[in-house]
Amino acid sequence: MTEFQQKVYEVVRGIKKGSVMTYKEVAIAAGHPNAFRAVGSLMKQNYDREIPCHRVIRSDDKVGEYNRGGSERKAEMLREEGFRR
DNA sequence: TAGTTGACCGGAA
DNA sequence: ATTCCGGCCAACT
């Protein structure tokens, strides 16, 4: 468990309902401004419900992918929480 | 140990 | 505006 990893989890875990962060923002918050790719890698490896990985989206305002085999479900969850588009 | 891949980003065509 | 290309980090083979 690297500090980068635990930091990322901590940040994602702290995302409030109705709020969303981009992978880059999370990477920056974790202290690795250019490790936004690694963030996604960790998310896909992590299946813990304590970590709302569905609150993390791309900088292009695109929802991105999601585990459990359903990027659409992720978009649906976000929409239901109040995130538009 | 080295090479390839991916839930990405930003700039260029 | 959309599509292509290179670059970066961690994990996997």
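Throughout, protein chains are lettered first and strands after them, A, B, ... in sequence-line order, and every chain is numbered starting at 1.
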Report summary line: Of all heavy-atom pairs linking A:Glu81 and A:His54, the shortest is OE2-NE2, 3.2 Å

Query raised in the report: Expressed in angstrom and rounded to an integer, what is the separation of A:Ile28 atom CD1 from C:dC8 atom C1'?
Result: 14 Å

Requested in this report: Give a yes or no on this: more than 12 heavy atoms of other residues, nucleotides or ligands lie within 6.0 Å of atom CD of A:Glu3.
Outcome: no

**Report entry** Nucleotide C:dA10, atom C1' - distance to CG of A:Asn46 in whole Å
**Finding:** 14 Å

Query - C:dA11 OP1/OP2 closer than 4.0 Å to side-chain N/O of A:Ser41 - result: no

Report task. Send over the distance from A:Glu3 CD to C:dA10 P, rounded to a whole Å. Result -> 11 Å

Requested in this report: Classify the nucleic acid contact of A:Ala35 as base, sugar-phosphate or nothing, counting any heavy atom under 4.0 Å across all strands shown.
Outcome: sugar-phosphate

Query raised in the report: Does A:Asp60 reach the main-chain N or O of A:Lys62 with its side chain, forming a donor-acceptor pair under 3.5 Å?
Result: no

Report task. Write down the distance between CD1 (A:Ile15) and P (B:dA7), rounded to a whole number of angstrom. Result -> 19 Å

Query - Proximal nucleotide (of C:dA11, B:dG10, B:dA7) relative to the A:Ser59 side chain - result: B:dG10

Report task. Provide, to the nearest angstrom, the distance between the CG atom belonging to A:Asp60 and the C1' atom belonging to C:dC4. Result -> 14 Å

Requested in this report: Indicate the atoms forming the closest heavy-atom contact of A:Ile51 with A:Met43, along with that distance.
Outcome: CG2-CE, 4.2 Å

Report task. Examine B:dG6: is either OP1 or OP2 under 4.0 Å from a nitrogen or oxygen in the side chain of A:Gln45? Give yes or no. Result -> no

Report task. Decide yes or no on salt bridge (charged side-chain N to carboxylate O under 4.0 Å, His left out) for A:Arg73 and A:Glu76, but give the supporting numbers first. Result -> CA-CA 5 Å; A:Arg73 174 171 291 174; A:Glu76 194 65 20; over 6 Å; no

Report task. Would you mind reading off the distance between A:Tyr47 atom OH and B:dA7 atom C1', rounded to a whole angstrom? Result -> 10 Å

Query raised in the report: If you find the nucleotide of DNA chain C closest to A:Phe4 and the one closest to A:Phe36, which residue's nucleotide is nearer the 5' end?
Result: A:Phe36

Query raised in the report: When the nearest nucleotide of DNA chain C is assigned to A:Asn34 and to A:Thr2 on a heavy-atom basis, which residue is associated with the more 5' position?
Result: A:Asn34

Query raised in the report: Tell me: CE of A:Met77 to P of B:dA7, nearest whole Å?
Result: 18 Å

Report summary line: Taking B:dA7, C:dC9, B:dC9 as options, the one with an atom nearest any side-chain atom of A:Lys44 is B:dA7

Requested in this report: Look at the side-chain N and O atoms of A:Arg58 and state whether any lies under 4.0 Å from the OP1 or OP2 oxygen of B:dC9.
Outcome: yes

Query raised in the report: So which nucleotide from B:dC9, C:dC8, C:dA10 ends up closest to the side chain of A:Arg37?
Result: C:dC8

Requested in this report: Could you please name the option among B:dA7, C:dA10, B:dC9 that lies closest to any side-chain atom of A:Cys53?
Outcome: B:dA7

**Report entry** Rounded interatomic separation in angstrom, taking CE from A:Met21 and P from B:dC8
**Finding:** 16 Å

Query raised in the report: Any idea which of C:dA10, B:dG6, B:dA7 is nearest the A:Asn67 side chain?
Result: B:dA7

